[in-house]
Amino acid sequence: MPEGPSIIILKDKLKPFIGKRVINANGYAKGFDADQLIGKTLKDIRTWGKHTLLVFPKFTVRIHMMLFGSYKINEPVKKNASLHLEFSNGYVNFSISAVKLIVQPLDEVYDWSADIMSKEWDTAKAIKRLKAKPKTMICDALLDQKIFSGSGNIIKNESLFRARLHPESVIGEISDKKLEELIVEVINFTKDFLKWRKAGILTKHLNAYEKDICPRNHIPFHRADTGKTKRHSYYCEKCQELFD
DNA sequence: TAAGTTGTTCGGGG
DNA sequence: CCCCCGAACAACTT
């Protein structure tokens with residue numbers, strides 16, 4: 001479920017609850033006391049990467065759906081929810097989610113310029129952040145939420161394919177031109193991801209993730225768990241250049 | 001049925 | 001004190 005663009009869709013679906021008071025709240029998320037939300041009014045909903053931020057007057061609730069998480073709005077869940085929130089006009093259930101209370105101002109907690117879905121996304125800063133890790137493989141950097149907040153394994157694989165860059169390329173060896181090209185593809189693919197996800201046709205449009213054959217060369221993709229993150233990479237050795 | 005999965009945090013060892 | 005690595009966690013599909 002939860003790569004960044006999916007969280008934007010969730011935010012839109014939660015909008016009817018803005019301005020409403022929580023009339024009941026519970027859930028098994030550890031380290032979080034749902035009772036404290038009861039009677040509080042939801043002021044706003046924001047997102048940072050894969051974080052869904054429910055803004056209340058004196059604090060914010062941060063929800064992260066991790067790898068297997070999901071949510072349901074106005075639909076019952078089979079198992080207990082990590083967090084169940086009920087408003088006068090409906091309810092939402094978050095399953096397998098990490099829930100955390102944030103009391104600091106959000107601008108102190110989050111760097112919006114690192115969020116690939118944000119209008120404040122800053123390519124120049126991203127290049128700086130990448131260059132600060134010259135020995136890191138690009139496949140790991142694409143999953144680093146401090147650099148590409150909101151990116152996950154799909155965005156990693158698809159943007160590397162689009163930019164014709166090998167996942168095991170070492171940042172310090174990648175040409176500036178290629179790095180910039182990659183970032184353009186990350187942002188473009190993220191927009192496509194959102195558009196296709198909304199239309200329910202995302203998987204049809206994927207070129208690399210979980211694919212067998214390179215659509216450019218019609219030869220088999222290499223599949224390997226790459227980098228320190230050891231997540232699945234799908235790449236074409238013919239058209240994705242390796243910098244090492 | 002067992003394995004695999006769009007992810008992150010924690011703690012131990014070096 | 002920092003880095004690295006494995007474990008832990010949760011539910012659903014194939």
Side-chain angles (χ1 to χ4, degrees), chain A residues 1-11 13 26-32 34 47-53 61-72 75-84 92-102 109-111 114-117 132-137 139-162 167 170 185-187 189-212 221 223-235:
Chain A
M1 238 3 213
E3 262 178 76
S6 303
I7 305 302
I8 301 290
I9 293 169
L10 166 59
K11 175 184 157 179
K13 290 185 180 170
N26 54 65
Y28 68 84
K30 51 182 182 234
F32 184 78
T47 66
W48 182 81
K50 299 164 190 165
H51 296 199
T52 302
L53 302 167
V61 176
R62 185 196 92 177
I63 296 159
H64 193 304
M65 290 190 280
M66 312 306 287
L67 185 54
F68 315 130
S70 61
Y71 63 88
K72 283 190 171 171
E75 250 187 272
V77 285
K78 288 178 193 165
K79 298 241 173 184
N80 290 334
S82 309
L83 181 64
H84 166 84
V92 56
N93 287 304
F94 296 97
S95 300
I96 331 184
S97 299
V99 184
K100 199 180 157 187
L101 198 75
I102 298 174
V109 179
Y110 292 111
D111 184 342
D115 179 354
I116 59 174
M117 275 90 54
K133 294 174 179 272
K135 286 185 264 181
T136 298
M137 283 184 183
C139 59
D140 288 331
L142 281 164
L143 296 173
D144 184 337
Q145 302 300 299
K146 288 181 185 150
I147 304 175
F148 295 104
S149 172
S151 171
N153 210 28
I154 296 175
I155 293 174
K156 178 193 87 176
N157 277 292
E158 295 296 319
S159 54
L160 284 170
F161 177 74
R162 287 184 172 197
V170 176
E185 296 299 354
V186 168
I187 300 303
F189 177 72
T190 297
K191 287 176 181 161
D192 286 340
F193 186 129
L194 178 59
K195 183 178 72 190
W196 290 330
R197 183 57 134 177
K198 275 185 181 169
I201 51 172
L202 174 67
T203 50
K204 275 184 213 161
H205 288 271
L206 298 181
N207 284 316
Y209 179 78
E210 290 185 331
K211 299 296 172 191
D212 297 321
F221 272 125
R223 292 165 167 247
D225 291 349
T226 57
K228 285 188 204 170
T229 46
K230 291 187 176 138
R231 303 291 302 280
H232 292 358
S233 288
Y234 307 79
Y235 56 95

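Below, all heavy atoms of this structure are taken into account, side chains as well, without hydrogens, waters or symmetry copies. Naming: A, B, ... by sequence-line order, numbering from 1 per chain.
With rounding to the nearest 0.5 Å, the separation of OG1 in A/Thr226 from NE2 in A/His232 is 10.5 Å.
With hydrogens and angles disregarded, a donor-acceptor distance shorter than 3.5 Å links the side chain of A/Gln145 to the backbone of A/Leu143. A donor-acceptor pair under 3.5 Å is absent between the side-chain atoms of A/Glu185 and the main chain of A/Leu160, judged by distance alone. Between the side chain of A/Ser151 and the backbone N or O of A/Leu142 there is at least one donor-acceptor pair closer than 3.5 Å.
When each of A/Ile7, A/Leu10, A/Ile63 is paired with A/Thr47, the side-chain contact (heavy atoms from CB on, under 4.5 Å) condition holds for A/Ile7 and for no other. Partner of A/Phe161 under the ring pair (Phe, Tyr, Trp, His ring centres under 6.0 Å) criterion, chosen from A/Phe189, A/Phe221, A/Tyr234: A/Phe221.
Distance, A/Glu210 CD to B/dT5 P: 7 Å, rounded to whole Å. Note: NZ (A/Lys211) to P (B/dT6) measures 14 Å, nearest angstrom. In this structure, A/His51 places its NE2 atom 12 Å from P of B/dG7, rounding to the nearest Å. Atom-to-atom, OH of A/Tyr71 to C1' of B/dT6 comes out at 13 Å; the value is rounded to the nearest Å. If you measure from atom CG of A/Asp225 to atom C1' of B/dG7, you get 15 Å, rounded to the nearest angstrom. Remark: C1' of B/dT6 and NE2 of A/His232 are 12 Å apart, rounded to the nearest angstrom. Nucleotide B/dT5 holds its C1' atom 10 Å from the CD1 atom of A/Ile154, rounded to whole Å. A/Ile96 places its CD1 atom 9 Å from the P atom of C/dA10, with the value rounded to the nearest Å.
Close to B/dT8, at under 4.0 Å from its OP1 or OP2, lies a side-chain N or O of A/Gln145. For C/dA11, one of the phosphate oxygens OP1 or OP2 lies less than 4.0 angstrom from a side-chain nitrogen or oxygen of A/Tyr28. Dashed line: the shortest gap from a side-chain N or O of A/His64 to OP1 or OP2 of B/dG7 is not under 4.0 Å. Put simply, A/Arg197 has no side-chain N or O that comes within less than 4.0 Å of OP1 or OP2 on B/dT6. In terms of phosphate contacts, A/Lys50 brings no side-chain nitrogen or oxygen within less than 4.0 Å of OP1 or OP2 of B/dT6.
Within 6.0 Å of atom NZ in A/Lys11, more than 12 heavy atoms from other residues, nucleotides or ligands are found, so the atom counts as buried in its surroundings.
The strand DNA chain B forms stems, runs of 3 or more Watson-Crick or G-U wobble pairs with distances below 3.5 Å, at B:2-5 with C:11-14, B:7-14 with C:2-9.
A/Ser233 and A/Lys156 share a side-chain donor-acceptor pair at under 3.5 Å. For the residue pair A/Thr229/A/Asp140, the side-chain donor-acceptor check at 3.5 Å is satisfied.
Using P as the reference atom, B/dA3 and C/dA7 are 15 Å apart when rounded to the nearest Å. Annotation: B/dG11 and C/dC1 have their P atoms spaced 16 Å apart (nearest Å).
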5' to 3', nucleotides 1-7 of chain C under a 4.0 Å protein heavy-atom cut-off (B base, S sugar-phosphate only, - none) gives ---S-S-
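Between B/dG7, C/dC9, B/dT5, one nucleotide has an atom nearer to the side chain of A/Lys30 than all others, and that is C/dC9.
Scanning for side chain to side chain contact (heavy atoms under 4.5 Å, CB included) contacts around A/Ala114 gives A/Arg129, with sequence neighbours left out.
Here A/Phe68 does not pack flat against the base of C/dA10, since the 5.5 angstrom centre distance and 30 degree tilt limits are not both met.
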